[in-house]
Amino acid sequence: MTRLSVEMLAADAPESITSAGHAQLGVAVLLGIAVIVLLITKFKLHAFLSLTIGTLALGAFAGAPLDKVITSFSAGLGSTVAGVGVLIALGAILGKMLADSGGADQIVDTILAKASGRSMPWAMVLIASVIGLPLFFEVGVVLLIPVVLMVAKRGNYSLMRIGIPALAGLSVMHGLVPPHPGPLVAIDAVGANLGVTLALGVLVAIPTVVIAGPLFSKYAARWVDVPAPERMIPQRPSEDLEKRPSFGATLATILLPVVLMLAKALVDIVIDDPENSVQRVFDVIGSPLIALLAAVLVGIFTLGMPAGFSKERMQQLVEKSLAPIAGILLIVGAGGGFKQTLIDTGVGQMILEISEDWSIPALLLAWLIAVAIRLATGSATVATVSAAGLVAPLAADMSTTHAALLVLAIGAGSLFFSHVNDAGFWLVKEYFGLNVGQTIKTWSIMETVISVVAGALVLLLSLII
């Protein structure tokens with residue numbers, strides 16, 4: 001088989017592909033990803049446009065009719081945005097509410113008031129992990145940097161001893177724990193159970209963040225000993241507020257969607273009867289849409305009103321929270337389109353057959369693919385959505401727990417060694433006042449530790465459950 005037929009872009013992937021077909025599809029995938037990488041890194045084109053062009057290039061290199069490629073891309077984009085778009089929007093609203101109301105600052109100040117000395121790195125990782133649940137990584141960094149710098153300066157701590165735990169907490173939540181966009185897209189792509197993935201994600205996240213945060217920060221502080229740059233200490237959101245929400249109310253609001261989704265997963269396991277009225281109730285209230293919507297509505301009363309926000313201020317807050325996520329939604333959507341094109345051209349089937357021929361564990365293969373795309377593109381989100389599309393067929397015969405572990409393997413791989421093609425790299429470099437070498441010794445190595453530790457834990461869990 002030297003060229004792909006029109007039928008190979010049907011909704012169902014071909015049953016099997018010949019070795020010649022493997023070769024052509026393999027080359028097409030490599031060239032398609034190379035186009036995306038080149039456009040993002042060399043020409044600085046937005047990831048949405050790069051993924052769109054890369055998808056068309058993939059189809060052309062594979063010899064597929066471009067009208068069918070466009071149909072696949074559009075279908076994948078639509079289904080992905082339909083699946084996770086509203087969740088990303090609700091998460092953005094909750095995160096903005098948490099930041100602007102002073103709720104995040106309240107959590108930070110309450111925990112720091114009870115921490116001192118050796119416990120400070122542990123306090124920072126706890127703060128970052130809790131706040132990182134509803135916040136996008138970049139938002140969390142901007143929110144926590146002032147705290148990191150102030151704590152390091154006032155307590156005369158090493159900047160890396162305080163900063164690395166905070167960054168580790170945010171990064172682990174971003175890569176492994178829904179409702180962040182990456183895990184949500186991977187869950188949607190492989191058909192994993194969200195509650196089970198959330199539970200296992202938290203289980204993997206805890207030891208990972210301990211190792212990559214407080215423990216690794218001891219070494220990072222020795223390798224890079226720099227003072228906190230005073231010029232980078234910005235104003236905290238709550239400094240302009242007369243009052244702010246309580247610690248308990250803020251924490252309860254943040255954890256509400258997590259509790260509801262975990263409760264649904266637990267009820268599904270215990271009852272396991274779709275016709276049972278109790279399970280049906282929890283299936284509704286524990287769905288991501290309802291769980292996040294409930295947190296947003298509760299947040300109006302527990303975060304917005306205690307901060308003295310008027311109805312007009314709340315309306316403006318929601319509007320401002322949605323504008324920054326347009327780019328994220330488009331990237332995620334285009335990643336979904338790229339994923340669907342990979343599946344419809346038979347690439348997923350090819351990966352399935354190759355993994356069987358090479359006897360590579362599916363979870364390890366997913367991690368390696370995500371690592372390769374992460375290193376090439378610099379984007380954890382692009383790595384997650386692309387890898388999920390490539391390995392989605394591997395989940396067809398998996399148990400519920402192993403499908404969830406497949407999602408976590410992809411998420412772990414997507415965090416591997418952030419370097420100069422990653423926006424997060426430069427964000428950390430500038431805020432901490434580091435040079436490129438220092439950023440690699442600290443931030444880049446920390447990301448690699450997260451990826452390797454989380455990947456190893458996922459493989460270990462696959463042997464147990």
Side-chain angles (χ1 to χ4, degrees), residues 29 33 36-37 40-41 47 50-51 54 80 84 88 132 135-138 140-141 167-190 192 197-198 200-201 204-205 208-209 212 328 331-336 338-339 342 351 362-392 394-395 403-425 427-428 443-459:
V29 170
I33 292 176
I36 295 171
V37 171
I40 291 175
T41 58
S50 301
L51 280 163
T80 301
V84 303
I88 293 173
L135 292 176
F136 296 122
F137 176 79
E138 291 80 5
V141 169
L167 293 172
L170 290 173
S171 187
V172 169
M173 293 298 113
H174 172 73
L176 299 178
V177 182
H180 285 279
L184 283 177
V185 170
I187 288 168
D188 183 64
V190 306
T197 307
L198 174 58
L200 292 175
V204 170
T208 300
V209 81
I328 295 173
I331 293 171
V332 168
F338 182 63
K339 172 213 72 176
L342 288 170
I351 295 290
L363 299 180
L364 178 59
L365 181 63
W367 184 83
L368 289 171
I369 291 173
V371 165
I373 299 174
R374 160 69 159 180
L375 288 173
T377 66
S379 170
T381 303
V382 171
T384 300
V385 295
S386 300
L390 285 166
V391 303
L394 300 179
L405 290 175
L406 184 67
V407 170
L408 298 179
I410 294 168
S414 75
L415 298 175
F416 191 88
F417 195 75
S418 162
H419 60 99
V420 294
N421 62 355
D422 177 21
F425 179 93
L427 192 66
V428 172
W443 161 255
S444 300
I445 299 299
M446 181 207 77
E447 287 283 88
T448 305
V449 170
I450 291 173
S451 180
V452 172
V453 170
L457 289 171
V458 167
L459 290 173

Student: Checking Leu170 against Val141 for the side chain to side chain contact (heavy atoms under 4.5 Å, CB included) test, could you report, in this order, the C-alpha distance in whole Å, the side-chain angles of both residues, the deciding distance, and whether it holds?
Tutor: CA-CA 8 Å; Leu170 290 173; Val141 169; 4.0 Å; yes

Student: How far does CG of Asp422 sit from OG of Ser444, to the nearest 0.5 angstrom?
Tutor: 8.5 Å

Student: How many angstroms lie between CD1 in Ile187 and CG in Leu406, if you round to the nearest 0.5 Å?
Tutor: 11.0 Å

Student: Where is the tightest heavy-atom contact between Ala366 and Ile410, given as atom of each residue plus distance?
Tutor: CB-CG1, 3.8 Å

Student: Just how far is it from atom CD1 of Ile369 to atom OG1 of Thr384, taken to the nearest 0.5 Å?
Tutor: 12.5 Å

Student: Minimum heavy-atom separation for Leu51 to Ala334, with atom names?
Tutor: CB-CB, 3.8 Å

Student: Under 3.5 Å, side chain of His419 to main-chain N/O of Leu375, donor-acceptor pair present?
Tutor: yes

Student: Do the side chain of His180 and the main chain of Gly132 share a donor and acceptor less than 3.5 angstrom apart?
Tutor: yes

Student: Taking all non-hydrogen atoms of both residues into account, name the closest pair between Ala383 and Ser414 and its distance.
Tutor: CB-CB, 4.0 Å

Student: For residues Ile328 and Thr381, determine if any side-chain heavy atom of one lies less than 4.5 Å from a side-chain heavy atom of the other.
Tutor: no

Student: If I take atom CZ from residue Phe417 and atom CD1 from residue Ile445, how far apart are they, to the nearest 0.5 angstrom?
Tutor: 5.5 Å

Student: Measuring from Leu198:CG to Leu408:CG, what's the distance to the nearest 0.5 Å?
Tutor: 10.0 Å

Student: For Pro178 and Leu184, work out which heavy atoms get closest and say how close.
Tutor: CB-CD2, 4.1 Å

Student: For residues Val407 and Pro183, report the shortest heavy-atom separation together with the two atoms involved.
Tutor: CG1-O, 4.0 Å

Student: What pairs of residues pass the side chain to side chain donor-acceptor pair (under 3.5 Å) test when at least one of them lies in residues 446-459, not counting sequence neighbours?
Tutor: Ser171-Glu447, Trp367-Ser451, Arg374-Glu447

Student: What are the two closest heavy atoms between Ala392 and Val190, and how far apart are they?
Tutor: CA-CG1, 4.1 Å

Student: Hey, could you give me the CH2/CG distance between Trp443 and Leu427, rounded to the nearest 0.5 Å?
Tutor: 8.5 Å

Student: Begin with the C-alpha distance, continue with both residues' side-chain angles, and end with the deciding distance and a verdict on side chain to side chain contact (heavy atoms under 4.5 Å, CB included) for Ile373 and Leu390.
Tutor: CA-CA 11 Å; Ile373 299 174; Leu390 285 166; 4.3 Å; yes

